[in-house]
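A quick write-up on the structure given underneath.
A, B, ... follow the sequence lines: proteins, then strands. Residue 1 opens every chain.
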Amino acid sequence: MKRIMAMILAGGRVDELKVLTLSRPKSTVPFGGMYRIIDFPLSNLMHAGIEKVGVLSQYHSASLVRHIGVGSSWDMVGRDRGMMVLPPFKSAVNSNWYRGTADAVYQNLDFIDQFAPDLVLILSGDHVYHMDYRELVDYHVRKGADLTAVFKEVPIEAAHRFGIATIDNEDGQVGGRLIAYHEKPQHPEAAWASLTIYLFNTNVLKQVLAQLMASQTNSYEFGHDILPAMVHSHKVYGFKFDGYWAYSRTIGEFWQANMDLLCEQPPINLHRWQVRTNLDHRNLRDRTPTVIAETAEVHNSVIYNGCHIAGRVTDSIIFPGVTVEAGASVSHSIVMFDTTIKRNCMIHKTILDTDVVVSENCQIGGGAQADAIQPSDMDGVTVIGQATILPTDMMIGSECVISSYQKATQFSSKIIPAGRVV
Amino acid sequence: MKNTLAMLLAGGVGSRLNVLARLRAKPAVPFGGIYRIIDFTLSNVMNSGLNHVGVLTQYKPYSLMKHIGTGAPWDFVGRKRGAKILPPKTGEKDSDWYRGTADAIAQSLDYIYRHQPNFVLVLSGDHIYYMDYRAIISFHDQTNADITIAVREVPIENAHQFGIAITDSQNQIIDWEEKPQRPKSNLASMGIYVFKTDFLIHALENRSGHDFGKNVIPDNISSHKVMAFRFQGYWQDVGTIQSYWEANMDILSPQSDLKLRDWKCRTNLEEEGLLGDRPPSYIAACASISNSIISPSCRIEGEVVHSILSPGVVIRKGALVQDSVIMHDTVIGENCRLDHVIVDKDVIIEPDCQIGIGANTCANQKFPTHLSSGLTVIGKNSHLPAGMEIGRNCIINALTQPESFDSRQLKCGATI
């Protein structure tokens with residue numbers, strides 16, 4: 001049995017997610033009614049029995065540090081188990097921020113050395129998927145690979161957004177040797193997209209990182225800098241994955257991935273995946289069961305503890321602590337922790353971040369989309385930032401972005417047309 | 001505040017809860033969707049800032065021990081805090097089992113000695129209420145009482161079920177009646193006592209019998225200062241099937257003083273099969289829910305009216321559940337009808353069953369005192385075959401399998 005540890009890259013912000021990543025990294029954006037995105041890779045690690053984990057953090061680390069805690073939520077506390085958040089640091093020889101994914105791992109090689117692993121699994125904390133990493137490890141060991149990366153087939157027209165590999169046919173649907181790799185190619189020739197899951201032999205990882213640091217470069221990314229070179233110098237394999245995998249790098253994709261939970265047989269099977277989250281974060285432990293009042297109507301929705309629903313909720317994801325008052329209607333929306341929607345509001349196709357208050361008689365989302373001259377990646381979704389208080393009678397169109405921490409008095413107009421950023 | 005040690009009596013058999021307490025102690029009976037009865041008292045201890053609690057178990061302690069674990073859910077883990085299970089110790093004779101409430105505390109005196117508290121707070125794990133014990137402790141301290149007993153006013157016609165205090169104008173108890181036929185007062189004991197530790201040790205050494213209500217309290221009324229602390233607020237002894245059901249329904253009533261949201265009640269979410277591993281609930285497009293409590297990881301396709309659902313309950317299409325309490329992971333098949341039914345954990349009800357039908361014409365024949373109000377109760381891990389018609393006041397025992405049903409009909413008052 002190989003000794004294996006994992007390093008999770010969890011410190012990145014994604015500009016396209018706008019206010020959702022204003023004060024948190026993408027890895028801790030709430031998802032699926034009670035989770036954070038990073039819960040999915042962390043639960044995968046738990047189920048795979050990989051119990052030594054470093055979590056690399058950088059952008060707004062408070063929410064990540066609080067969420068990870070000591071790692072006990074993922075059973076990572078014990079004599080031979082442990083999880084630790086690794087923020088950037090100053091040292092005698094180095095005082096850089098993490099300059100990229102490869103640099104972040106490089107700066108923490110001493111952390112890796114403490115465990116003396118045979119293999120290092122490098123993951124992103126930004127994606128929603130269910131995967132048994134043990135199959136990847138088995139394949140890697142069987143092939144005697146230096147590096148095995150995971151790929152999923154995507155439509156060729158979307159391939160320019162990913163790292164794209166050409167994989168030979170050595171093991172059919174299981175995987176094969178990497179023949180070529182291009183990071184976000186303008187004219188992709190293949191459609192195997194990297195899921196940014198890399199399994200390295202530890203000595204190879206150290207060697208390629210040292211080479212990269214010695215070279216004249218200002219880019220320090222696994223995808224951009226390490227993989228393309230290794231294809232020629234090392235034994236690099238591609239492991240093919242055909243399960244559900246949500247990239248959710250735009251508001252539209254994030255919204256859709258949440259909506260994917262809402263059907264009779266959802267591709268995200270939360271029961272089967274057994275995803276865990278930290279129940280101490282946002283005091284999930286103190287939440288009472290959800291009350292569905294006499295005036296309520298709830299259809300095709302996902303809902304956890306601690307809510308009070310007296311209005312109409314359809315096709316929506318409702319997080320703990322949400323209140324929907326009588327006469328209000330919420331459809332095709334994501335309502336995050338402790339947000340309150342007051343009487344007679346109409347909310348459609350909107351993401352409400354945590355602790356938002358929508359005062360009486362507001363109409364948010366839906367209606368005509370913004371002008372088609374500038375195509376948007378928001379797919380018609382409106383976003384309201386964390387802890388913003390909307391005054392009564394607001395009318396907010398589709399594809400609007402309302403900033404976080406706005407007070408009711410800061411809205412000068414009652415009408416915000418489609419596509420505006422406030 | 002004076003150093004106070006909480007001792008929680010959690011060995012109750014709860015025989016009147018019938019099948020609900022057959023396989024578990026009464027304090028471990030599930031309540032309010034995600035809780036167990038004992039959570040209310042344990043949370044009160046936590047919310048009162050008391051750091052140590054001894055939990056005295058006896059009857060079927062396993063689910064209780066599993067539930068309390070290290071006490072971490074109620075913040076009892078730390079250098080100066082702890083929750084300890086205190087089981088009866090095997091002595092030289094069989095009679096060393098706990099013989100009563102006072103005997104249980106007497107057998108645990110070494111635990112009390114070790115903590116050297118000024119006061120000992122004796123609690124019961126059988127009741128649904130919210131109380132900040134700091135009020136009764138400081139009352140006890142200020143009045144320099146030897147014993148303080150929490151009491152509440154009850155309708156005089158119910159007073160015969162309780163220990164009854166007769167007080168003077170200063171709230172000192174001058175007389176005591178244990179479950180009297182003709183009560184002289186309506187101040188009922190809540191089974192909550194604060195003792196001066198030295199006095200408690202003295203009183204236990206000189207006790208005339210093994211029960212606080214029957215022996216220790218009456219023995220000391222005339223010789224010592226025994227005070228009554230009046231409590232106002234919601235309190236329910238969920239000792240019968242009817243009162244258990246009513247207290248559950250109180251959660252749904254906006255007029256009731258049972259306010260889960262304000263009570264800061266906690267439960268153990270890590271316990272195997274409990275909330276730690278459970279996703280949110282899914283409410284399907286064809287579902288209809290009103291005036292109900294829904295716990296996580298339910299799947300609701302049918303209609304739910306005025307009911308309490310624990311985690312993992314599945315209600316299939318076309319089913320209707322009303323005025324009912326459905327516990328963990330029970331599956332209710334398509335087109336079933338449930339009316340005034342309590343269903344324990346892990347029950348499978350196959351399609352087209354009708355449960356709780358017809359008029360309430362007679363009490364349960366085997367246990368007429370347990371079940372006469374029209375509720376039907378289905379025990380844990382039962383499996384009901386399709387198309388059953390079950391009347392009111394029926395009891396289906398735990399682990400009943402389809403082949404145990406001779407006919408497709410069970411009349412009002414039947415037991416299987």
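- With salt bridges taken as basic N to acidic carboxylate O contacts below 4.0 Å, one links B/Arg266 and A/Asp286.
- A heavy-atom distance below 4.5 Å is not found between the side chains of B/Ile294 and A/Val298.
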Practice item. Just do the side chain to side chain contact (heavy atoms under 4.5 Å, CB included) check on B/Arg299 and A/Glu264 with the steps written out, would you? Key: CA-CA 10 Å; B/Arg299 183 181 179 90; A/Glu264 297 276 315; 3.5 Å; yes
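- Contacts between A/Leu262 and chain B at a heavy-atom distance below 4.5 Å involve backbone atoms as well as side-chain atoms.
- Remark: the backbone N or O of B/Cys286 is not paired with any side-chain donor or acceptor of A/His299 at under 3.5 angstrom.
- When the candidates A/Ile303, A/Val302, A/Leu270, A/Thr314 are compared by the number of heavy-atom contacts under 4.5 Å with chain B, A/Ile303 comes out ahead.
- With B/Arg261 contributing its side chain and A/Gly306 its backbone, the two residues share a donor-acceptor pair below 3.5 Å.
- For chain B, no part of A/Phe319 is nearby; none of its heavy atoms comes within less than 4.5 Å.
- Applying the 6.0 Å contact sphere to CE of A/Met346 captures no more than 12 heavy atoms from other residues, nucleotides or ligands.
- A/His271 has its side chain within reach of B/Pro279: a pair of non-hydrogen atoms, C-beta onward, lies under 4.5 Å apart.
- Partner of A/Pro289 under the side-chain contact (heavy atoms from CB on, under 4.5 Å) criterion, chosen from B/Ser310, B/Ser292, B/Ser295: B/Ser295.
- The choice from A/Ser73, A/Cys263, A/Gly33 that makes the most heavy-atom pairs within less than 4.5 Å of chain B is A/Cys263.
- In terms of non-hydrogen atom pairs under 4.5 Å with chain B, the most contact-rich of A/Thr290, A/Thr288, A/Asp280 is A/Thr290.
- Within the 4.5 Å cutoff, the side chain of B/Ile293 has heavy atoms near those of the A/Val291 side chain.
- Note: A/Glu294 leads A/Glu297, A/Arg287, A/Gln274, A/Glu294 in heavy-atom pairs under 4.5 Å with chain B.
- Contact check for B/Ile34 versus A/Asn305: side-chain heavy atoms found under the 4.5 Å cut-off.
- Taking CD1 of A/Ile309 as the reference point, atom OG of B/Ser290 lies at 13.5 Å (rounded to 0.5 Å).
- B/Tyr282 places none of its side-chain heavy atoms less than 4.5 Å from the side chain of A/Leu261.
- Highest contact tally toward chain B, considering only A/Gly32, A/Pro320, A/Ser301, is held by A/Ser301 [criterion: heavy-atom pairs under 4.5 Å].
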